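In what follows, a single structure is set out as structure tokens and then discussed.
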Amino acid sequence: MNRKILINAVGHETRVAILEDGQLVELMYERPETRRMVGDIYLGRVEAVLPGIQAAFVDIGTEKAGFLHASDIAEPDRDDDSGGYTPIQDLVEQGDEILVQITKEPIGTKGPRVTNEVSIPGRFLVWMPYGDRVGVSRKIDDEGERDRLRDMARELLDDGPGGVIVRTVGEELTRETFEQELRTLQGTWEKIQERAEGMSAPSMVYEEAKLISGIIRDVFSEQVDLLTVDSPELAHEIKSYLGQVNPDLVNRVQVYRKDVPIFDDYGIEEEIRGAFRRKVGLASGGHIIIESTEALVAVDVNTGRYTGKKDPEETILRTNLDAAKEISRQLRLRDIGGIIVCDFIDMEKEEYRDRVQNEMKTWLGRDRARTKVFGISELGLLEMSRQRVRPNLYQAMTERCPSCEGTGRVLAPETLVRRIERAVRRAASKGEDRKLTIRVHPEVALYLLEDERGFLGRMKEEAGIQLDVRDDPLMPMGEYRLLAAPSDQDVTSRYAVA
């Protein structure tokens with residue numbers, strides 16, 4: 001697999017695109033006004049303790065309080081395998097000061113999710129001051145290498161406090177480098193503690209690395225063939241950092257010098273536009289439809305124009321296999337998290353359902369976010385979950401439509417005209433206004449004057465009210481206003497009924 005990282009750092013926002021075999025699979029961006037919060041550590045104050053949901057709300061100085069569940073409070077003697085935890089009311093009280101780290105950004109009406117089980121990430125290791133276990137990334141497949149890294153970690157920790165996780169890029173890590181980074185991370189934690197002691201809650205005591213720093217630390221490894229950046233200054237900073245931690249990667253960093261913008265040159269802009277569309281085409285000719293709801297994300301698979309040649313079962317299997325690959329890519333690209341239900345085309349053979357499920361798992365194996373896939377039912381439904389730490393791309397880069405209120409639909413002109421008609425008849429029954437102006441969107445005005453030419457005359461004859469039509473391009477498609485002559489006073493609320 002050919003893997004590239006493209007960084008567009010020219011302009012007001014910084015964008016990072018990750019390509020696999022020439023296809024965009026991840027997009028991250030950072031703007032000065034929208035700082036990323038995941039990983040930041042705060043000295044917070046417990047605002048409220050709610051035993052009913054076993055959680056506490058912690059004031060960390062942000063707009064919304066952080067949500068802290070009892071299971072996210074460090075307990076040295078707790079057995080995580082048992083799934084049990086001490087009741088929240090026995091761990092914290094209102095007014096307590098506590099160190100917490102953000103694990104999920106605020107999403108919608110929810111504040112940030114926080115944990116007291118702090119972790120400090122480095123390039124090769126993650127240091128957990130309150131932990132007591134040694135872990136190795138599941139993406140390191142070699143069992144012998146996993147055992148070597150685990151033994152090395154236990155030896156260096158020497159039954160002392162804290163735990164450590166070896167990251168994927170830590171494969172073949174030497175003892176010297178391991179020990180050096182471990183000491184650095186432990187030193188960072190000591191500084192955090194010292195800083196917290198001199199502060200009063202709520203205060204930030206540690207800020208996680210910025211977007212580019214985090215990408216270089218977490219993603220740029222031997223598995224990446226090339227990193228291209230359109231800023232010579234940023235390229236120099238990246239090379240300087242790599243020269244200290246991994247000199248072998250320095251030559252894989254190059255500066256983009258063409259006149260054409262870097263994302264245009266690689267076709268990224270068009271792919272970004274496609275990430276906001278409901279319908280996504282498949283290589284076979286079929287397509288998928290992606291719909292987001294409050295509770296979950298639904299993905300529907302269709303054969304479209306793809307009908308195959310002979311065997312309909314083979315046609316369905318081919319479409320579903322293509323869909324499994326594309327769904328996995330779209331989840332990463334759009335950064336969709338939470339519960340996801342994929343409605344594959346029904347397959348009668350259990351063997352085919354297993355193949356599609358395994359295909360899904362294979363492609364999701366490339367995902368940096370944690371995923372869990374359940375079996376495909378006889379109805380063709382596959383349930384899965386994907387780690388969610390921040391609003392997805394669609395939520396972060398769009399806003400609710402003031403016309404449709406997020407439904408994606410507005411009233412048809414004929415429906416709106418019927419509402420106007422009922423409002424006019426109410427006005428006639430009250431006898432307060434005999435001359436009204438209807439203010440509507442130009443398309444609705446056009447419909448009134450062309451498709452319902454007799455409407456105005458009929459209303460004058462039947463209701464005794466003289467009507468004029470005024471088009472207003474600023475009016476939402478599904479709304480109208482009734483204005484009373486001669487003052488143009490808005491009297492819509494008098495006569496409109498939902």
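Nothing here was measured: the structure is a model prediction, and the numbers come from that model.
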Is [X] salt-bridged to [Y], cutoff N-O under 4.0 Å?
X	Y	answer
R278	E291	yes
R148	D142	no
E143	R150	no
R146	D141	no
D225	R3	no
K210	E30	no

If you measure from [atom1] on [X] to [atom2] on [Y], what distance do you get to the nearest 0.5 Å?
X	Y	atom1	atom2	result
W363	E326	CH2	CD	10.0 Å
K104	R113	NZ	CZ	6.0 Å
K139	R366	NZ	CZ	10.5 Å
T177	L182	OG1	CG	12.0 Å
I215	I238	CD1	CD1	10.5 Å
D259	D265	CG	CG	10.5 Å

**Study point:** Candidate pair R45 and D96, rule salt bridge (charged side-chain N to carboxylate O under 4.0 Å, His left out), full reasoning
**Key:** CA-CA 6 Å; R45 179 177 288 107; D96 284 355; over 6 Å; no
Check your understanding: What do the steps show when you test E237 against K239 for salt bridge (charged side-chain N to carboxylate O under 4.0 Å, His left out), and what is the final call?
Key -> CA-CA 6 Å; E237 290 178 23; K239 287 182 178 181; over 6 Å; no
Point to revise | Aromatic plane relationship, Y130 with W189 - under 30° parallel, 30 to 60° tilted, over 60° perpendicular | key: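 Geometry flag for Y130 against W189: perpendicular rings.
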Between [X] and [Y], is there a donor-acceptor pair closer than 3.5 Å when you use the side chain of the first and the backbone of the second?
X	Y	value
S203	M199	no
D59	A65	no
D230	A9	yes
D471	H441	no
T293	V297	no
S213	A209	no
E443	M477	no
S240	H236	yes
N246	L242	no
R390	D335	no

Is there a side-chain contact between [X] and [Y] in this structure, where contact means two heavy atoms from C-beta onward sitting under 4.5 Å apart?
X	Y	result
L382	V341	no
L333	V25	no
L331	M384	yes

Exercise for review: Dump the intermediate steps for side-chain hydrogen bond (donor to acceptor under 3.5 Å, both in side chains) on T228 and Q254, then the final yes or no.
Suggested key: CA-CA 5 Å; T228 306; Q254 71 174 24; 3.2 Å; yes
Would you indicate whether [X], at its atom [atom1], is surrounded by more than 12 heavy atoms from other residues, nucleotides or ligands within a distance under 6.0 Å?
X	atom1	value
K64	NZ	yes
L226	CG	yes
Q180	CD	no
E383	CD	no

Review point. D367 and salt bridge (charged side-chain N to carboxylate O under 4.0 Å, His left out): which partner among K372, R386, R329, K361?
Key: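 Single pass found, and it is R386.
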Practice item. Verify side chain to side chain contact (heavy atoms under 4.5 Å, CB included) between Q54 and Y85, making sure each step is shown before the conclusion. Key: CA-CA 10 Å; Q54 281 300 296; Y85 50 82; 3.9 Å; yes
Practice item. Would you check if there is a donor-acceptor pair between the side chains of T115 and E117 at a distance under 3.5 Å? Key: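 No, because no side-chain N or O of E117 sits under 3.5 Å from a partner of the opposite role on T115.
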Point to revise | Residues that E26 engages under salt bridge (Lys or Arg N to Asp or Glu O under 4.0 Å), provided they are two or more places apart | key: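 Testing E26 for salt bridge (Lys or Arg N to Asp or Glu O under 4.0 Å), a comparison that skips the adjacent residues, returns R332, R368.
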Practice item. Apply the test side-chain hydrogen bond (donor to acceptor under 3.5 Å, both in side chains) to residues E176 and T174: give CA-CA distance (whole Å), side-chain angles for both, the deciding distance (0.1 Å), then the verdict. Key: CA-CA 5 Å; E176 180 184 1; T174 65; 5.3 Å; no
Practice item. Mind running salt bridge (charged side-chain N to carboxylate O under 4.0 Å, His left out) on E190 and R195 for me, showing each step along the way? Key: CA-CA 9 Å; E190 290 174 5; R195 194 174 180 196; over 6 Å; no
Check your understanding: Given the side-chain rings of F67 and F57, with only the six-membered ring counted for Trp, is the space between their centroids under 6.0 Å?
Key ->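 Yes, ring centres under 6.0 Å apart.
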Practice item. Walk me through it: do I140 and L149 pass the test side chain to side chain contact (heavy atoms under 4.5 Å, CB included)? Key: CA-CA 10 Å; I140 298 179; L149 292 167; 3.9 Å; yes
Review point. Could you go step by step and tell me if N320 and D322 meet the side-chain hydrogen bond (donor to acceptor under 3.5 Å, both in side chains) rule?
Key: CA-CA 5 Å; N320 282 340; D322 280 353; over 6 Å; no
Check your understanding: For R252 and E222, what are the C-alpha separation, side-chain angles and deciding distance, and is it a salt bridge (charged side-chain N to carboxylate O under 4.0 Å, His left out)?
Key -> CA-CA 9 Å; R252 301 190 190 189; E222 282 75 11; over 6 Å; no
